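Below is one structure, written out as structure tokens; the observations come after it.
This one's a predicted model, so the numbers in the text were calculated from it and none came from an experiment. Counting starts at 1 for both ligands and their atoms, following the listed order. One is the number of the first residue; the rest follow in order along the sequence.
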Amino acid sequence: MSQKIVLGYSGGLDTTVMIKWLSEKYDAKIVTVTVDVGQREDLNEIEERAYHAGAQKHVSFDCKKEFYEDYVKKAIKANALYQGEYPLSTALARPLIAKKLVQVAREEGADAVAHGCTGKGNDQIRFEVSIKALDPKLRVYAPVRDWGLTRDAEIEYAKKKGLNINPKSKVYSVDQNLWGRSIEGGVLEDLSQAVPKDALEWVVPLEETPDEPAFVTVKFKQGVPVALNDLTDGVQIVRFLNTLAGKHGFGLVDHVEDRVVGIKSREVYEVPAALALIKAHRELEKLTLNTHQLRLKPFLEAEWARLVYSGLWFDPLRENLDAFIESTQKAVEGEVELKLFKGSCSVVSRKSPNSLYKLSLATYSSESSFDQSLAKGFTEIWGLPTILSTLKVDGA
Ligand code: ARG
């Protein structure tokens, strides 16, 4: 009996070639799955290409809302930045895509799931660990990695089989969704080269940004955005900010990143909304969390980001960390006004009904209610261990 394989299908060269290749090699029926996580691609065109290449069935999911609700919101509450820079846009979408692949595999009674990742990146790990965590019985095929397919060989094969491949010649490897755009490869591999203009689509070069700043106010409740201007839908808020902040040249990350497989690589990201929202969220946390909470949370945030980056979304530790993070967010409510101008995003004002900032304590004016006489004894006791140690060193 011929087997059935569910293939995560982007519509690109690798996965288009894989439809034919897998069906010939395994005498298999191929069910292709495309998940819309806000990549802004023509799903009908992708579907057509899948059928043309020989898919028995194609399924598309509109998961923009699910992506925002179940993944992006958690990342905002966690101020998630891998190695302090990367908002995890690609990494966050992979477990959701894996979930849909497993769902279709079950509905279709498929034996295996296939993906188009190489053996050098993080995405193979994210897909495979997630698929196996959700259904350990499913086999996973990774032809690009395991059969060593090269781009040239793929193009030749596609021509021979008359496949309808995406005509755009590919200079970079790009992955994009609602939360960001990741760009790798090509001239970016040369660390001495600045990011060329042709790599960017969301962030406008500084020379071309408006000479007037833009101001936006983001309203948060329980740690997540609930309004921006007249927008209240999360997906729309993110989209709007990607466009506006990007237009002002904000949101570019160009850094050398440590991949899970040990490789250091130069990664470029266009992530205007992610960076702006995390900045605003952090600002509100400064007002509404106390000093002890603010000291511990970043350690756990870094763990959260590392876990998600490394493909371990379905590890129980992620839920443990989420439970802690969630418990810090009750009071994170209020408004932050951001100024976007010439590549920068700065906080110009903030307010919260739960603010721990008390003017009567902070003020240097005569209105102060802070009792300075208490500070004298406190300072002596606070410094005691340090002073004792100095005395000991001196042999006194
Ligand atoms: N380095 C990033 C990550 O691991 C981006 C990966 C982008 N993927 C791609 N196919 N271009 O999440």
(Q) Could you check whether E156 pairs with K160 (Lys NZ or Arg NE/NH1/NH2 to Asp/Glu carboxylate O, under 4.0 Å)? (A) no
Q) Quick one: nearest non-hydrogen protein atom to atom 8 (N) of ligand 1, plus distance? A) D123 OD2, 3.3 Å
Q) Does L92 reach the side chain of F67, with side-chain heavy atoms less than 4.5 Å apart? A) yes
(Q) Considering non-hydrogen atoms of the protein only, which is the closest contact for atom 6 (C) of ligand 1, and what is the distance? (A) E184 OE2, 3.8 Å
Q. Between S173 and ligand 1, is there a nitrogen or oxygen pair with a distance under 3.5 Å?
A. yes
Q) To the nearest 0.1 Å, how far is atom 4 (O) of ligand 1 from its closest protein heavy atom, and which atom is that? A) N122 ND2, 2.6 Å
Q: For atom 12 (O) of ligand 1, find the nearest protein heavy atom and state the residue, atom name and distance (0.1 Å precision).
A: Y86 OH, 2.6 Å
(Q) Taking salt bridge (charged side-chain N to carboxylate O under 4.0 Å, His left out) as the definition, give me every residue that meets it alongside E107, ordered by chain and number, with sequence neighbours left out. (A) none
Q | Salt bridge present between K342 and D211 (N-O < 4.0 angstrom) | A | yes
Q) Which ligand 1 atoms does R126 reach within 4.0 Å, using its non-hydrogen atoms? A) 3 (C), 4 (O), 12 (O)
Q: Using a strict cut-off of less than 4.0 Å between a Lys/Arg side-chain nitrogen and an Asp/Glu carboxylate oxygen, indicate whether E66 and K100 qualify as a salt bridge.
A: yes
Q.
For the 3.5 Å polar cut-off, considering only N or O atoms, please tell me whether E257 and ligand 1 meet it.
A. yes
Q | Close-contact set for ligand 1 against S182 heavy atoms, below 4.0 Å | A | 5 (C), 7 (C)
Q) Tell me: protein heavy atom nearest atom 2 (C) of ligand 1, and distance? A) Y269 OH, 3.1 Å
Q.
Keeping H115 on the side-chain end and G8 on the backbone end, is there a donor-acceptor pair under 3.5 Å?
A. no
Q. In terms of side-chain geometry, is the basic nitrogen of D111 or K4 positioned less than 4.0 Å from the acidic oxygen of its partner?
A. no
